[in-house]
Structure formats: C-alpha cells, structure tokens
Amino acid sequence: MPSALSISSHVVHGYVGNRAMVFPLQYAGWDVDALNTTNYSNHPGYGKFKGTKTTPDQISDLIEGLEAILNVKSDYELIITGYTPSEDALKVIFDRVSSNIYSSSSSSSSSSSSLPSSSVPLWILDPVLGDNGKLYVSEGLIPIYETILKSGYVTLITPNQFEFETLVGVKIDSSLESLKSALEKFHDKFPKIPNLVISSVSIGDKMYSVGYNKGKAFYIEVEEIDCSFSGCGDLFTALISIEIFNDNPSHELTPKVLGNVLVKLNKILQHTFESEKVKMKGAPFTNVKDLSLISSRHVLTDRTSHEHEVEYL
Amino acid sequence: MSKSLLSIQSHVVHGYVGGKAAIFPLQCQGWEVDGINTVNFSNHTGYGSFKGTSLKKQEIEDIFEGISNIGVEYNAIISGYVPNEELIASIAAYVKFMKSSSSLLYLLDPVMGDQGYLYVDKTCISQYKKLLSTKIVDIITPNQFELELLCEKKVQTVDDLKWCVNHIHKTYGVKYVVVSSLTDLEGLQSDYIYCATSTASYDNSINLFKIPIIKSYFTGVGDLFSALLLDKVYSNLQSNSYREGDKGLLVHSVNQVLTIMTKTLKLTHSLGLKAFNNDKASRSSSKVGKINDGDSMKYFELKIIQSREFFSYEGKGEYFPLELDSILQ
C-alpha cells in the first residue's frame, strides 16, 4: 500500500486543504499522514472563521517526531505540500524536507541538485498563493516557492493560472501563442521541474487544462461549470497525485493522466453543483462553499481510462 | 440522505488512533465528518517518542464559536481522547447547547486509560462525571478501567458490573451502555475479551459477547469501535428496524461492530506480520506490537485504509450475545 505525507491546511468544517486531499487519497487506497498547517473552524470563503495557524516551530517538531519513528526517505512514496500560511512555515517545511528526504546521505561531491533517485518519494507541490488576480498569502512566500522550484526536488507542480503567472512572471493573454511562450519562460526559469499542470486556462472563449512534461506541452478542453468551488484546486492536486501512480510506472504527467483526472473532477463538481441546487431551492448561486466529496466518493475508485481529445503545443 | 457528525478527538500525523481511526470509516459510510483535533501529535504515544501539542481551552472555544457562527448542525457528535478537564468542560457546554435545539445522538467515549493505567489528567474523572450529570450522553463506551473510574468502584464480580452499569443508567440517564472490553472478571475465562451491553429500562439484563484475543498490541481499537458503533446504532434506527430504546438495537449493533472489528484486526495482524517479515532492514526482534518499541509498532498500526470494505457490513453479526446470568451457571 502506498503512503503519502500531505502537508496542508486543516478546517474543522468543509473540504479545503488537507480536508479535500486526505479523503480522496485514502479512498483510493493510500495511507496518508496528514500534517496540518492550520487549525481553522472553516475556510475564509464563509466570510468569517476562527482558529490558529500551526506555528513554524510546531511544524518543525511534528516532522522531527516523524523522523524519529519512520524512515522518511523510504516510508513515503509521495510528499504533497499545499496551503502554507506563512513564510517561516514554508521555510521550515522546505528545510526539513530537503535536508531529510532529498539530500544525499553520503557526503558525495556529486551535484546535490540532481533529480531525486527513484527510491525517494515524489514531491508534488501546489504553490498556493491566490486566485483570480488576488494573493491570499503574504507576498514573501513567492521567492521561497521560487527557491523550492529551483531545488530539483519537486516532480510536479499544480498552480492555477494566477499562481503560474506570478511565479513565472508572465501573463497568459488568452491566446495559444502567449501560453506557449509562457511555458517556454517557465522552462527557462525552472528547468528542473519535469511536470506541470495548470488546471484551467482560458484560451479564446474556451477553458483548457494544460499539462507539461519534460518540454512537451498539451492541453485538453474542460467542461465549464458556471460556478466556483472552494477546495477545487486541492481536490485537483489530490486527484493528480492518485492518477500519476495509477498504472503509470514512470509517474510522468501524460495526457492520459490529466484526462482521467479531468473526468473525475468534472463528475465530482457536477454532483456538487446539483446538490447545491437542491440545497438552494432554486435561488441563484455562483460559489459552492463545500464540495460534495463524501457523496461522490464512488468516483474516486473508478479506474477506467477515458479517451480525450488532446492537442499539443 | 446526508448525515453529518462532529468528531472531537486526537489527531496524529502518522498512524491510526483517535480521529485517524474513526473519521475515515465514518466517511466511507457516507457521514460528512467535521473534525476537531484535541491534540496534534506526530504519532501515538505507544512508539515511545512523539512530538506535538494539545489544544488550549481558548482554542477549542474559538473553534466552537467559529462553527456556530456559520450555523453548522449535526446528526451526531462523538468525543474521544481529550487530554484535560478544561477541554472536557468546553465540550460539555457545546454539546449541551447543540442538544437543546436538535435530536442529535451523542456518543461519549470517556477515554482515560486502560488496565489500571491512567493516561489523562486525574481531574478528567470528575469532569466526565460532571458532563454525564447534565444527562446529554446517549451512548457511552468505557472499558473496564474507565467504568471503574466513573463509578468509583472496582469491577471484580458480575454483581460489581451490574451495579456499575445500572449506576450509569440511573444516575446519568444514559440509554446505551457498552463496556467495550472486560478482561478481568471473576468467573469468566481469561483467554477472551468480553464486551458487555446494556440498554436502559431493561434492569440488570446485560448481554455479553465473548471475543477471542489476538495476541498483539493494537492501538486505536477503542476509537474505531466507538465510531462504528455510532454508525450502526444510527443507521439501524434510521432503517426503522428498531425503535429507540429497544434492547435488540444495541445487541444487534454491537454484534455488527464486533464482526467488523474482528475482520479489521485479523487483517491488521496478518498484513503487519507480512510487512515485518519482509522488511529485512528491521532490527527489532519482537514479532508482535509491543509498547515503546517503535520499530515493531509501526507494522501493527490498524489497517484502516485496507479494511474499507468491511465497514459497510450489514449482516446479523458473527457473535452470539449471551445473557450475563446464564454464562456463569
């Protein structure tokens, strides 16, 4: 059975951060160690919430506690990092993860920044910064994420369009050409990241999910639902994590992986949307606060592969 | 129909105790589970080392305020490991408030210790009694030691057991009492663990389940037990097979839960042994989980994820409920 360490936020109520990632992974058969970067009553999308951030010292202690009882290099197949509320917290996570999981144990003179060997866990990182042109964490996190992305330890990142633009320092202006040049700039700036997914990018009047694997880029049209869903990005990262290990020994981001994820995501979002309609009794809404994750759980174990129309850039 | 539940218990990053043992099984059974983590530890204390912190009184009150502010409601609440009396008092106040406006089912697992060993502050005992005296508890699942603490009485004989269970019903108005594990009672065979059930208004009629012991040290068993019990009692009531307060409801539910537990523990034991034997790097010589031995402990964490398909068991149960009085003849 595969094991993952998932580092993200905790909310008592609702499905964002670890609450949107842990259950899908578990239901798909993963043992998930959940390290919570916050302890909030609910997500801020409700307009009000209570609770605390996990302090950098607490995060450091928890990882130290794990190191004492586990072999963190070999006991995990996967490290997932998501919402991290402060610069110090992100620094601590990076320091701990890089020194204890990805640094070579021998004091060899070979390049310390070479790609991790197959015996260490894959690191999938969701650089949670904000959405729709707005940062919801401190600006100071951006350079730390850049450092992490340049470390060579991260296998896959799952930014949204805004996060991608922020990290790369470009704008995608709704054309294929600008997407292409943005991806080239991404590769120039972060040459050690082999895989990238941007869950949705608008090109013309359509939405596409964009995948990138070792210099090759592709995009798949996504069905648009006229509504936003809190926790959708976290769920997407979890689904990608599941699928990249699903009958895919190379763990590369392929069009098949992305296509299968999009089918599952769409089913869960559609189900959530329909549930919300019933709940709202006809009243209009543009945002759903809580994904209907539990009642669409059967989707998570679906292992059928779907054919998709894939375009290459 | 969707059903929602608030789980108030410990969180460990690695392993399956507290919320980690309870929440996933409930989610698999369709529960929308909200989770308050009373502690946030790297792992359970059985490893001999752990890191982490406990929730402070102000923090839990803030959380209660936060979820109240957004109007969350629950069909059930379950509370487990709570490390100190202040937190117990806050939980009591919140549950009482929630019960005043709804018919939610509250299961209290008064986690305090096991086999004569107390692992919470001593002051928790009187605070749990205080909580119980507000008569908000529907189901209680102490082990033998916890029952003794709550009743201030050693449970050595069948009469002691009857007295204590009756005391919980009468003094605290608890409808369903399940003593999750009895290991030391005069007249009972010692190679078994016993589970006792009693429903209010069926005076002195206690049913006993006799469970063969698997020789290994498992953790989180009580937490999984309570979660499954809440699910079964709730769904057996919903399906109208029983009415509230029926004696058969608790006996049937516990039988189902024990059946699931047995499957889960057997799987845990066999997968644990297999992993242990395969892992040549292991330097531990112990073949069963042993307290304070981190090397073997990690192999015998409950296989909660791998047991997923067991949780939906809806059969009659594979155990035979015995009348306490008849078993001793």
Side-chain angles (χ1 to χ4, degrees), chain A residues 1-3 5-7 10-15 18-19 22-23 25-36 39-43 46-52 54-55 57-58 60-72 74-76 275 279 289-290 292-295 297 301, chain B residues 1-4 6-8 11-16 19-20 23-24 26-37 40-44 47-53 55-56 58-59 61-72 271 275 281 294-295 297-298 301 303-306 308:
Chain A
M1 283 288 163
S3 296
L5 172 63
S6 179
I7 305 177
H10 175 73
V11 290
V12 172
H13 176 79
Y15 299 98
N18 263 343
R19 292 265 301 169
V22 173
F23 177 73
L25 279 153
Q26 289 180 321
Y27 207 75
W30 283 76
D31 278 303
V32 185
D33 287 3
L35 200 159
N36 299 325
N39 185 23
Y40 292 159
S41 58
N42 51 274
H43 66 74
Y46 274 90
K48 52 194 167 184
F49 71 98
K50 291 268 185 174
T52 52
T54 314
T55 66
D57 280 348
Q58 287 170 331
S60 178
D61 273 356
L62 289 171
I63 299 177
E64 199 182 309
L66 292 177
E67 284 158 3
I69 60 154
L70 299 174
N71 183 343
V72 288
S74 60
D75 284 347
Y76 295 119
S275 307
K279 217 171 90 186
K289 294 189 183 76
D290 299 323
S292 299
L293 198 50
I294 302 299
S295 51
R297 63 191 179 281
T301 48
Chain B
M1 217 174 63
S2 94
K3 47 196 176 181
S4 65
L6 175 63
S7 154
I8 308 170
H11 175 73
V12 289
V13 176
H14 178 77
Y16 295 95
K20 285 280 292 288
I23 292 173
F24 179 69
L26 287 164
Q27 289 176 318
C28 289
Q29 288 299 96
W31 286 91
E32 301 282 345
V33 183
D34 286 4
I36 293 181
N37 302 328
N40 187 18
F41 289 166
S42 56
N43 51 275
H44 68 72
Y47 282 87
S49 75
F50 72 97
K51 294 270 187 175
T53 49
L55 210 55
K56 294 183 184 70
Q58 190 58 49
E59 289 174 318
E61 304 220 315
D62 279 352
I63 292 288
F64 284 136
E65 194 185 324
I67 53 178
S68 300
N69 283 344
I70 60 168
V72 183
L271 290 178
D295 280 349
M297 192 62 81
K298 76 173 184 185
E301 288 282 359
K303 299 292 183 281
I304 293 285
I305 303 300
Q306 297 82 347
R308 191 187 78 203

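All values below were derived from every heavy atom in this structure, side-chain atoms included, with hydrogens, water molecules and symmetry-related copies excluded. Source: prediction; values computed, not measured. Labels below follow one simple rule: chain letters A, B, ... track the order of the sequence lines, proteins then strands, and each chain is numbered from 1.
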Is [Y] close to [X] at the side-chain level, that is, under 4.5 Å between some pair of heavy atoms?
{"X": "B:Q27", "Y": "A:R297", "answer": "no"}
{"X": "A:S41", "Y": "B:D62", "answer": "no"}
{"X": "B:I36", "Y": "A:N39", "answer": "no"}
{"X": "B:N40", "Y": "A:Q58", "answer": "no"}
{"X": "A:T301", "Y": "B:R308", "answer": "yes"}
{"X": "A:I69", "Y": "B:K298", "answer": "no"}
{"X": "A:T54", "Y": "B:T53", "answer": "no"}

[atom1] of [X] to [atom2] of [Y]: how many Å apart, nearest 0.5 Å?
{"X": "B:S4", "Y": "A:I294", "atom1": "OG", "atom2": "CD1", "result": "11.5 Å"}
{"X": "B:I67", "Y": "A:N42", "atom1": "CD1", "atom2": "CG", "result": "9.0 Å"}
{"X": "A:L70", "Y": "B:Y47", "atom1": "CG", "atom2": "OH", "result": "6.5 Å"}
{"X": "A:F49", "Y": "B:N69", "atom1": "CZ", "atom2": "CG", "result": "12.0 Å"}

Taking side chain as everything from C-beta outward and backbone as N, CA, C, O, which of these in [X] sits under 4.5 Å from a heavy atom of chain B? Side chain, backbone, both or neither.
{"X": "A:S60", "result": "neither"}
{"X": "A:Y27", "result": "both"}
{"X": "A:D75", "result": "side chain"}
{"X": "A:V32", "result": "backbone"}

Looking only at heavy atoms and a cut-off of under 4.5 Å, which of A:D33, A:L35, A:L5 has the most pairs with chain B?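 That would be A:D33.
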What part of [X] gets closer than 4.5 Å to chain A, counting heavy atoms only: side chain, backbone, both or neither?
{"X": "B:L6", "value": "side chain"}
{"X": "B:L271", "value": "neither"}
{"X": "B:E61", "value": "neither"}
{"X": "B:K20", "value": "side chain"}

B:E59 versus A:T52, closest heavy-atom pair with distance: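 Answer, listing the atom of B:E59 first, then A:T52: OE2-OG1, 3.7 Å.
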Where A:H13 and B:D34 come nearest, the two heavy atoms and their spacing: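 Closest pair (atom of A:H13, atom of B:D34, distance): ND1-OD2, 2.7 Å.
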Return yes if a side-chain donor-acceptor contact under 3.5 Å exists between A:D31 and B:Y16, otherwise no.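 Yes.
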Could you check whether the rings of A:F23 and B:F24 sit parallel, tilted or perpendicular, using 30° and 60° as the cut-offs?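 The arrangement is tilted - the two ring planes meet at 30° to 60°.
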Taking side chain to side chain donor-acceptor pair (under 3.5 Å) as the definition, give me every residue that meets it alongside B:S42, ordered by chain and number, with sequence neighbours left out.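 Per chain and number, B:S42 pairs via side chain to side chain donor-acceptor pair (under 3.5 Å) with no residue.
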Evaluate the side chain to side chain contact (heavy atoms under 4.5 Å, CB included) criterion for residues A:K50 and B:I70: first the C-alpha distance (whole Å), next the side-chain angles of each, then the deciding distance (0.1 Å), finally the verdict. CA-CA 11 Å; A:K50 291 268 185 174; B:I70 60 168; over 6 Å; no
I'd like to check the ring-ring contact (aromatic ring centres under 6.0 Å, His included) partners of A:Y15; sequence neighbours left out, ordered by chain and number.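 So A:Y15 forms no ring-ring contact (aromatic ring centres under 6.0 Å, His included) with any residue.
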